[in-house]
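Numbered from 1 within each chain, the chains take letters A, B, ... in sequence-line order. Both backbone and side-chain heavy atoms feed into the values below; hydrogens, waters and symmetry mates do not.
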Amino acid sequence: MNNLEGSGDERRFNLFGIRKKNIESGLKDEYQLLTVRQLMIRKFLRNRMALLSFIALVIIYAVTLFAGFFAPYTARDADSKLTYSPPMAIRLQDPETGHFHLPFFYPLRGKRNMETFQLEYVEEREERIPIQFFVKGEPYTALGIIVWDVHLFGSSDPAERLHIMGSDVRGRDLFSRIIYGGQVSLSVGIFGVLITIAVGSVIGTLSGYYGGVFDNVVQRLIETIRSFPQLPLWMALAAAIPPQWPPEWVYAGIVVVLAFINWTGLSREARGLVLSLKERDYVHAAEASGASTARIVRVHLIPNMASHIIVTATLAVPVTILGESALSFLGIGVRPPMVSWGLLLNDAIKIQNIVLYPWTLFPGLFILVAVIAYNFLGDGLRDMVDPFSR
Amino acid sequence: METVLEVDSLKTYFYIEQGVVRAVDGVSFALQAGKTLGIVGESGCGKSVTSRTIMRLLSPNLARIVAGSIKYYPAEGPPIELTQVDPYGDQIRDIRGNEIAMIFQEPMTSLNPVYTIGQQIMEAILLHQDVSKEEARERAIDVLRLVGIPLPERRVDQYPHEFSGGMRQRAMIAMALSCNPRILIADEPTTALDVTIEAQILELIQQIQQDNHMALIMITHDLNVIGEVADHVIVMYLGQVVESAPVDDIFDNPKHPYTQGLLNSLPMIGRDKRLEPITGSVPGPHERPRGCPFAPRCPQVMDVCRAESPPRFVLGPASDVACWLYDETIEVGHDPG
Amino acid sequence: MTPAEKAGADAILEIQDLRLHFPIKAGLLKKTVGYVKAVDGVSFDVYAGETVGLVGESGSGKTTIGRCIVRLYKPTTGSMHFRTEAGPVDIAQLDKRELLPIRRDIQMLFQDPNSSLNARIRVGDIIAEPLEIHAIGTADERRSRVEDLLEQVGLGAEMFNRFPHQLSGGQRQRVGVARALSIEPRFVICDEPVSALDVSVQAQVLNLLADLQEELGLTYVFIAHDLSVVEYISDRVMVMYLGKLMETAPTRKIFEKPAHPYTEALLNSIPKRAPGGHRKRFVLTGDIPSPVNPPAGCVFHTRCQYAVEICRTETPPLKPLPEDPETSVACHLAEEVTLQPYYTAEERRNLESSRA
Ligand SMILES: Nc1ncnc2c1ncn2[C@@H]1O[C@H](COP(=O)(O)OP(=O)(O)OP(=O)(O)O)[C@@H](O)[C@H]1O
Ligand SMILES: Nc1ncnc2c1ncn2[C@@H]1O[C@H](COP(=O)(O)OP(=O)(O)OP(=O)(O)O)[C@@H](O)[C@H]1O
Ligand code: SF4
Ligand SMILES: [Mg+2]
Ligand SMILES: [Mg+2]
């Protein structure tokens, strides 16, 4: 009982930078006074899944932001010879000698099966097409201004295309389209949540602070909105977007539609926070000194609410991403020529397609990863917001 | 005198993100049947952790008994070393509630809101005693009546939120008493209550103690409560017992400079003297002093105090004090006390 | 007479028939279904430079009175005349803008040192907040004023950049004191400022408050439930029960010659040491009734051991005792019953000589 040596706890603490000698004895600095920020960061780092998710999301966002560079082709680059081609394997091994070989792939050749009338692909084993990094290809615009034509990787022979995740009905590279689609799907999440935060926290704060008739009306409105099932309400609203609108407008419309339900949840959160914060004595002290409402909200309420709002918002992003995907999948979301993950999944809408071209489900995998990562991240942030809890 | 519990040099440390918190760092006392031991000290000095360690209620993942022993002497059979029992095992479960019961500071959080008061008391009875449900219910009504709840037949089926604060605390006491424990640990049972209700609860606890010849540990930061109920007092500071003495000695002839400081800080009705507070405040776990824990605030501090922590000097059959002023081998400039 | 009262009509605050009834709302349309009568017809005066203790059980309305005076709440009815240079002003009637200058004179100290400081703001900025609100001085002047205040409450200017969680409970409470004093009020409502503190720190804060009062000529309304604290700090004591005043008297009289049965019960409940054995005492039974439906007649009659028929039907007004006008009591039997004091005058003399 007296012996602390080599126990499990001790190892656990060493991971977090508490030196072993502290535990052994050393009366001084065996206990460190951490600032709130340090505690919060430690808390977050301790949640491995949240950390991992955060890294994954940073990578995914970076890739979609520089889509032109990371994608071997543009979203519209089609090749009618390679429609619905399956994913092509990237090889690193010489099939005869078994030795390492620089990455290459075998091109696919389509042949129509005269019984089923399906196009069937076989690898052309005679030819090895090397895969090249920083290859010149289709020009693209990065970040809206830089025009460039270098891609991270691609086929060294422009005539032989490489589809690492297969292609779609018009022979467009699915991997490239997923990266471009990510621009829409992931940004819808961000913009939708920004609107949600703006509307939800302002309305929630006001109704919590003033109460009375305004609060009553808002609460009844929120109850009404939330009493509808979410997806059908989104569908109804999305269907109201005029079909003749240009795709950018439709995109904006979808963002607004998605935020329309999400703000209610955030507004309730904000209202609850305000209701509890405004009974804190420091708010009373400010009021007793004659502080204006604007000052109380700015100095005392917002800083204390921000972290909770960020957590709620983080958890609302995946909901928005799923919403966009669902609407686009059903054909009432963003419209071509825009691409989004939901729209890409639309190719897999027929069961027959899933059987014949299972790679059309790849976009779903990306949705899944993004949604799960956001949820873990939100969990981690929630731990962080309350650094004193154990 | 019959000793029912003996705690010796107990140390319980917490292992948390920031490091080690020495919550209990050397506590010793003996508890006699039918007597009241008062544990007094300022917030954070380790009173609650001491009681929770005795009950083995602390999760081993968070807190560890680092040293010391807790001997419980059952009515028959050999003494049980409570530091060695499995905190999730059957043995401690038999003792907890049945032989050693506890009342917590916050009656609100220690009663389960979704069960009626009666169900919660009956659960405790059924767990430890071989009785039928009906008998358990009868016994629950009896203890509710015993603690002075009016109309216990009706109250037994009510939920905690239908009880006022004082009645909840009574219900807690009823639950603790339902199995006739030999030891009752009351951890600040009246801190959340008004004086008039406090008076009722203290009266009740003392009366039941006398009737059942129970040993009582009364934990509080209120010296007046200690003065009212305790027979023997231990004064805690930073996890250590600094003085242990019969209650009259604590008030009339306090030995440790900390005890003296506490009494001089206490507003006493009828005394028209300016309070003489102890300077400074209780150090946090990061600035834990070497040597005597009280040295940084002590008006009589000497060099040895800062260097080495004082042992317990025995001053009488029932009193000892951890302070270098009482070391006969050290020349002290002025008379302490 | 206490020195403060001797100064004659020097009342700095005159409260007349103050009431605050919180509506209880229920249902979809939030209809008012009843009222919590938190403060129900309270009248008293406060004299410049004195400390008035306000005691009573939880829920008796002490905090509510304090918050009415600093106008966190607008009273339902009643007047509160506060003496200013331009003569008495009824602060119960002022609107937000008119209140602003008065707020410089009346400040409040709060009970919980954790919830009374915003954890995200530095100590220096917390103390400077009232100065900023009233746009007093330049940023530099405010800073030096805050540093002075920090010294004055015994903290030291180096605390300026700390955050509240880096301070101990007692230090936090000192920050609260510094904030309340930053705009040089004349009148401070202390709402249980030491209840959450340890004895040793409580004594420090009590002494600090007493010293500041002497130095700055402050007037305190000191709310507490600990009678020994009230006895230590107050010149006069007001005893509250269920939204009403039961008794007001000079401190010493309250303890030596209580005039209301409820005061007697409070005194009897105070835990105290009885050398050489346990003291048998009379204990008040039952709980405080709900302020939604307070008992008819005298609100205390449900727990009063002396209650007679008239107590159940008629509400006794708070009026001065004929033989002792310093003491006012709201009890039908005030002149008939003899009540048990906390200590007799003789015991008191012994106490004083033994402690001297
Ligand atoms: N779960 C915990 N994790 C880490 N430290 C803890 C935990 N519980 C208590 N402590 C620390 O142990 C020390 C003793 O706490 P304890 O609750 O025993 O104090 P106490 O004497 O009961 O005080 P109070 O009068 O406030 O109840 C404190 O410093 C406290 O911060
Ligand atoms: N904002 C409010 N809305 C409704 N009821 C309230 C409000 N504030 C206080 N009350 C009620 O008014 C009564 C008096 O409360 P108050 O806080 O003034 O009591 P108190 O004497 O300060 O008690 P304590 O000693 O617990 O602080 C209580 O019954 C309380 O529940
Ligand atoms: S040992 Fe020294 S510092 Fe500690 S209490 Fe005694 S005199 Fe004070
Ligand atoms: Mg405790
Ligand atoms: Mg209050």
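Side-chain contact between B:Pro289 and B:Pro283: present, with at least one pair of heavy atoms (C-beta onward) separated by less than 4.5 Å.
Contacts between B:Thr190 and chain C at a heavy-atom distance below 4.5 Å are absent for every atom of the residue. Residue B:Leu202 touches chain C through its side chain alone, counting heavy-atom pairs closer than 4.5 Å. Only the side chain of C:Leu206 comes within contact range of chain B, with at least one heavy atom under 4.5 Å from a heavy atom of that chain. Neither the backbone nor the side chain of C:Glu256 comes within contact range of chain B; no heavy atoms are under 4.5 Å apart.
In terms of heavy-atom pairs under 4.5 Å with chain C, the best-connected choice from B:Val195, B:Val282, B:Ile278, B:Asp194 is B:Asp194.
Applying the 6.0 Å contact sphere to NZ of B:Lys35 captures no more than 12 heavy atoms from other residues, nucleotides or ligands. Residue C:Glu158 places its CD atom among more than 12 non-hydrogen atoms of other residues, nucleotides or ligands, all under 6.0 Å distant.
In this structure, B:Arg297 fails the cation-pi test against B:Tyr258, since its NZ or CZ atom is not both closer than 6.0 Å to the six-membered ring centre and inside 45 degrees of the ring normal. Judged by a 6.0 Å distance limit and a 45° cone about the ring axis, C:Lys272 is positioned over the six-membered ring of C:Tyr342.
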